[in-house]
Amino acid sequence: MSSSLSTRYSHKEMESRWYAQWEAGGYFRPASDSKGKKSGDRRYVIVIPPPNVTGILHMGHALNNSIQDIMIRWHRMKGDDTLWVPGVDHAGIATQNVVEKKLAKNKQTRDHLGRKKFLEEVWKWKEDHGSTITRQLRRLGASCDWSRERFTMDEGLSLAVRECFVTLHERGLIYRGNYIINWCPRCQTALSDEEAAHKDVHGGLYHIKYPIAGAGKKAERIGVDHIVIATTRPETMLGDVAVAIHPGDGRYRGLVGKKLILPLLEREIPIIEDEFVDPEFGTGMVKVTPAHDPNDFEMGKRHDLPQINVMHVDGKINSHGGPYSGLDRFEARKKVVKDLEDQGLFIKRDTHLHAVGHCYRCDTIVEPYLSKQWFVRMKPLAEKALAAHRAGKTVFYPDRWTKVYTNWLENIRDWCISRQIWWGHQIPVWYCGQCRKGDEDDSQKGIVVSRETPQKCPECGNSELVQDPDVLDTWFSSWLWPFSTLGWPEKTEDLKHFYPTSDLITAPEIIFFWVARMIMAGLEFMQEVPFNRIYLHGTVRAQSGLKMSKSLGNAIDPLEVIDGVGADALRFSLVMLSAQDVYLSTEKFDMGRNFTNKIWNASRFVLMNLEGFKEGATTLDVDRDQLPISCRWILSAYEAKAKQADQYLSSGFYLAQAASELYHFIWNDFCDWFIELAKPALAGEDASEKLMAQKVLFCVLEKILCLLHPFMPFVTEEIWQKLREMAKDGETWPKSLMLASWPEPTGYRDVETERHFMGLQDAVGAVRDLRAKFNIPPSQEVSAVLKASGAAGEMFKVFSPCVERLGKVKLEIKSDFERTKAYVGNSFADFEIFMSIEGLVDADKEKERIEKKIQETVKWVTVLNKKLSNDNFVRNAPKDVIDKEKEKLVEAEKILKSYQEHLRLI
RNA sequence: GGGCGGUUAGCUCAGUUGGUUAGAGCACUACCUUGACAUGGUAGGGGUCACAGGUUCGAAUCCUGUACCGCCCACCA
């Protein structure tokens, strides 16, 4: 292998090569695993938010997994016992839809095949396509422990689901009953409240006359022969069993107890009173349809009204709908309205904006539908989660999500967990054909809830047992994920060592679906929260502001981006943008691409200049005082930025800020300034000067690669390996940068040098500025006078070669110099620089500004002095507050002095 | 109806505890085909930090209110 880098950065081959080597080396597995014992006090464990098995990697995944991989790689380098468990969920409804669609191409349906055959088809599909997304995660560079990969339909996880269901049932937290649930007529299954996404729809508010029964004399007495109700779903009137008014509504006094004739079906229904009715809305009269509206359902129970279900599972009207039977719900709506019109009972249709539930898988409008389903009683679970929150066990980043989370828990409703599909965990409940008279039987008799498949009915001994055909909500397996993936309900070593995990990193969209439920399950089954910190990163959106999705056609495929600019560029760009929601367009990846290229070329330069260099070491063995200012400065700047980046990562998921810190250090400090300043030494005659520059370049580059590795694993590994070959002690280095140690503080921080260097930068900038302003070609050497006295003067005597080189200028340093009209110049805090060309410098404006600032600062100093000489304050304030005030005073005086100095120079 | 977030350069956005001249990337202008890099370099133009009040010696930053945009939650038919 050559120790130099090719002129162009090509990522493709490199990415697959390194990924394969890392995985083969077993570097993704936790350290405790390979040593055969559970070790290390410091663990870092995360579980992947399981992507949908039907899914392909989209930008949301790319961002989420980039962040996770950064955290994992960072902790691994810090020496933590690190575990990242990958896996996918079976996505019951989505997967079944995909397979059904495939069957439909061959004119087949699942009913033709039968349950067993159909499930075989799904498993076959899973074998063929189910690993797409995990393959794609590998391309992103995700360093998951693939040997622990899990699938929610695995044997172990299925066992966990059964254990969970049966245990909850034993604890009285699972029940079955007839309730209004969200029903998707297209998927033909029940949905949970979270799966019915409310969207605002401009619908109609239809006003309909209901005639009062036996009009005639009664009508005369009341003065009306009909009442008017308003509804958004006229077709549901077929299931009306009453009309309700508010008890205090004076307008309808005397009507209560009267009967109405339900139009179209000519059924007699009563007028009732109920507190629920809002007299202000519509006409103040509500039709009551207990089988098709959750409020009406409750009202029906209060008044002991019948429930008339008028719809089939596919959304078509059933035989209760009389003449409308067989029509789809929306066709029925049209026909109902038309018939009412014909009978003179239709008054008007107002447009009305209201929220309508849509199936989150197929976007069909869901129907509130009465059916028999299994539910989890959530309140007791939520209370435990709230208690854990009060105990400070769940911390959200950013903090604002805490309230969203607790609000939801405080208003939690029971969770409908049964789904009328086939792909999923079949409910572990069996019904005895002997003891029960069929599904209408509401007794508990002959219902067997069991971990093991029962052979016979425990009550009558009959073997005629039929398992509940429904399966469980996919989230009913996902909510066990943090411990089911570690082996639960078995008491495994993994579970003992790795639970609870450290962080959960996910998108805010699934805070209710998944995050909250995992916490509840963790507390219920493990008696401990599943993770301590929860980081909810931004949502990836298209430039338009809409959520990126394939169906909207506004998605950017991360795989295409990886093909084009590489996984490193993709990761870095995404993370740089992730301080809030990420609005993407393809150009945004240029930043990452350009940066990768910059690193590549800077490294190429360093390596070229290190030919034959066999001195490299991870620690600098040069006495700091012997180093030239540029070296002292870059080492110090490195120290400052590394510390800052580390703090950003440690203190609460400030990944974007950490990335930005590194970006600017590398590009501006290392490349633009340090490399430029190192060039003369590298090209010069002085061997020891050259060696020093080489050592510093080598050392800083090596550390940069370490810091950057979590963000851009591939390029950094490639370059680092070259350094490893070059280093004298290279054999003692780890085999991969992945296993290298996160850099410790070097102790090279030198604030004074940094300050001096800023002066140097200002001087060079000033010369370049004057050059540009007066159109002096870069090739032309110019001369300038640098006026500085005291410490600054001494300083510039040392720096002048640097300034002269970078500014292409011949400097004359003077402690005293009067500028005449023949000179132009730039002024700084402790020096001025002049060139003998006519021009302009606007001193008046600057003077005014500084004078104002001085006034302010003088006041500030006065205030602080007053405060600190106030006995009361000094006696009573806490010590750290006083210290802080004192520090402020020092700072204020410093600032004031620098202003005054500046003013004097103007 | 409730809650949350945003409003900073032409565009996309940083700006953690109030403090020296509000930053970056892209775009723009001028110059530079300098042996790491044109996916580059140097310099420059461009901002009353949405608006109105308030607190402070000092506010993009803290408080109050307004406007507009976005998101989430919600059983008024």
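Chain letters run A, B, ... following the sequence lines, proteins first, then strands; residues in each count from 1.
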**Report entry** CA sep, side-chain torsions, deciding dist, call: A:Val241, A:His303, side chain to side chain contact (heavy atoms under 4.5 Å, CB included)
**Finding:** CA-CA 11 Å; A:Val241 296; A:His303 297 272; over 6 Å; no

Report task. Identify, residue by residue, the members of residues 235-243 of chain A with a heavy atom below 4.0 Å from RNA chain B, and return them in order of residue number, or none. Result ->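 Correct list: empty, so none.
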
**Report entry** Sorted by number, the residues of residues 275-288 of chain A with heavy-atom contact under 4.0 Å to RNA chain B
**Finding:**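 Heavy-atom cutoff 4.0 Å gives A:Phe276, A:Val277, A:Asp278, A:Phe281, A:Gly284, A:Val286.
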
Requested in this report: Go through the structure and list residues passing side-chain hydrogen bond (donor to acceptor under 3.5 Å, both in side chains) with A:Lys866, not counting sequence neighbours.
Outcome: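 Partners of A:Lys866 under the side-chain hydrogen bond (donor to acceptor under 3.5 Å, both in side chains) test: none.
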
Report task. Name all residues meeting the side-chain hydrogen bond (donor to acceptor under 3.5 Å, both in side chains) criterion together with A:Arg400; count only those two or more places apart in sequence or in a different chain, and write none if there are none. Result -> none

At 4.0 Å (heavy atoms only), tell me whether [X] reaches a base, stays on the sugar-phosphate, or touches nothing.
X        : result
A:Lys679 : base
A:Phe297 : nothing
A:Ala355 : base
A:Glu298 : nothing
A:Thr231 : sugar-phosphate

Starting from [atom2] on [N], measure out to [atom1] on [X] and report it in whole angstrom.
X        : N     : atom1 : atom2 : value
A:Leu370 : B:C75 : CG    : P     : 18 Å
A:Met591 : B:A24 : CE    : C1'   : 8 Å
A:Met758 : B:U21 : CE    : P     : 13 Å
A:Asn295 : B:A74 : CG    : C1'   : 12 Å
A:Ile272 : B:A77 : CD1   : P     : 18 Å
A:Gln657 : B:A24 : CD    : P     : 17 Å
A:Ile666 : B:G25 : CD1   : P     : 15 Å
A:Leu864 : B:G58 : CG    : P     : 13 Å

Query raised in the report: Using a cut-off of less than 4.0 Å, is there contact between a side-chain N or O of A:His352 and OP1 or OP2 of B:A77?
Result: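 Yes, such a contact exists.
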
Report task. State whether the aromatic ring of A:Trp860 stacks on the base of B:G58, taking stacking to mean ring centres under 5.5 Å apart and ring planes under 30° to each other. Result -> no

Query raised in the report: Is a donor-acceptor contact shorter than 3.5 angstrom present between the side chain of A:Glu676 and the base of B:A36?
Result: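 Check passes, donor-acceptor contact within cut-off.
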
Report task. Could you go through the side chain to side chain contact (heavy atoms under 4.5 Å, CB included) check for A:Lys598 and A:Ile666 one step at a time? Result -> CA-CA 9 Å; A:Lys598 190 73 180 176; A:Ile666 292 166; 5.6 Å; no

Where do N or O atoms of nucleotides 1-4 of chain B meet protein N or O atoms at under 3.5 Å, pair by pair?
| from | atom 1 | to | atom 2 | distance (Å) |
| --- | --- | --- | --- | --- |
| B:C4 | OP1 | A:Lys403 | NZ | 3.1 |

Report summary line: By nearest-nucleotide position on RNA chain B, the 5'-leaning member of A:Lys859 and A:Ser603 is A:Ser603

What side-chain donor-acceptor pairs closer than 3.5 Å can you find for residues 277-297 of chain A, not counting sequence neighbours?
| from | atom 1 | to | atom 2 | distance (Å) |
| --- | --- | --- | --- | --- |
| A:Asp278 | OD1 | A:Glu280 | N | 2.9 |
| A:Thr283 | OG1 | A:Val228 | O | 2.6 |
| A:Thr283 | OG1 | A:Met285 | N | 3.3 |
| A:Lys287 | NZ | A:Thr236 | OG1 | 2.7 |
| A:Lys287 | NZ | A:Asp240 | OD1 | 3.0 |
| A:Lys287 | NZ | A:Thr289 | OG1 | 3.0 |
| A:Thr289 | OG1 | A:Asp240 | OD1 | 2.7 |
| A:His292 | NE2 | A:Asn309 | OD1 | 3.4 |
| A:His292 | NE2 | A:Val310 | N | 3.1 |
| A:Asp293 | OD1 | A:Asn295 | N | 2.8 |
| A:Asp293 | OD1 | A:Asp296 | N | 3.2 |
| A:Asp296 | OD2 | A:Thr289 | N | 2.7 |

Query - Watson-Crick or G-U stems involving RNA chain B, each at least 3 pairs long, distances under 3.5 Å, ordered by first number - result: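 Stem list for RNA chain B: B:1-7 with B:67-73, B:10-13 with B:23-26, B:28-32 with B:40-44, B:50-54 with B:62-66.
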
Span that lies between the [atom1] atom of [M] and that of [N], in whole angstrom:
N     : M     : atom1 : result
B:A14 : B:A24 : P     : 16 Å
B:G6  : B:U61 : C1'   : 15 Å
B:A9  : B:C49 : P     : 10 Å
B:C51 : B:U8  : C1'   : 14 Å
B:G5  : B:G10 : C1'   : 25 Å

Report task. Tell me, please, which residues at least two apart from A:Phe513 pass ring pair (Phe, Tyr, Trp, His ring centres under 6.0 Å). Result -> A:Tyr360, A:Trp475

Report task. Just jot down the ring pair (Phe, Tyr, Trp, His ring centres under 6.0 Å) partners of A:Trp408, sequence neighbours excluded, or say none. Result ->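 With sequence neighbours excluded, A:Trp408 shows a ring pair (Phe, Tyr, Trp, His ring centres under 6.0 Å) to A:Phe512, given in chain and number order.
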
Query - Nearest-neighbour nucleotide for the A:His354 side chain, B:A77, B:C72, B:A14 considered - result: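 Selected nucleotide (nearest to the side chain): B:A77.
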
Requested in this report: Ignoring the backbone of A:Asp293, work out which of B:A36, B:A77, B:A74 is nearest its side chain.
Outcome: B:A77

Query raised in the report: Hey, is A:Arg517 close enough to A:Glu194 for a salt bridge, meaning N to O under 4.0 Å?
Result: yes

Show the distances under 3.5 angstrom between N or O atoms of the protein and N or O atoms of nucleotides 38-42 of chain B.
| from | atom 1 | to | atom 2 | distance (Å) |
| --- | --- | --- | --- | --- |
| B:U39 | O4' | A:Arg593 | NH2 | 3.4 |
| B:U39 | O4' | A:Asn594 | OD1 | 3.2 |
| B:U39 | O2' | A:Asn597 | OD1 | 3.0 |
| B:U39 | O2 | A:Arg593 | O | 3.4 |
| B:U39 | O4 | A:Arg8 | NH2 | 2.8 |
| B:G40 | OP1 | A:Asn594 | ND2 | 3.2 |
| B:G40 | O3' | A:Lys598 | NZ | 3.2 |
| B:G41 | OP1 | A:Lys598 | NZ | 3.4 |
| B:G41 | OP1 | A:Trp667 | NE1 | 2.4 |

Side chains of residues 669-678 of chain A: which donor-acceptor pairs under 3.5 Å do they make with residues two or more places apart or in other chains?
| from | atom 1 | to | atom 2 | distance (Å) |
| --- | --- | --- | --- | --- |
| A:Asp669 | OD2 | A:Lys641 | NZ | 3.3 |
| A:Glu676 | OE1 | A:Lys679 | NZ | 3.4 |
| A:Glu676 | OE2 | A:Lys679 | NZ | 3.2 |

Query raised in the report: Side chains of A:Thr231 and A:Met237: closer than 4.5 Å at any heavy-atom pair?
Result: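 No, side chains not in contact.
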
Could you go through residues 649-664 of chain A and list every donor-acceptor pair under 3.5 Å that involves a side-chain atom there, pairing it with any protein atom two or more places apart or in another chain?
| from | atom 1 | to | atom 2 | distance (Å) |
| --- | --- | --- | --- | --- |
| A:Ser650 | OG | A:Asp646 | O | 2.6 |
| A:Ser651 | OG | A:Gln647 | O | 2.9 |
| A:His664 | ND1 | A:Ser660 | O | 3.0 |

**Report entry** Full working for side chain to side chain donor-acceptor pair (under 3.5 Å) between A:His11 and A:Asp568
**Finding:** CA-CA 9 Å; A:His11 56 87; A:Asp568 291 324; over 6 Å; no

Query raised in the report: Ring centres of A:Trp183 and A:Tyr369 under 6.0 Å apart?
Result: yes

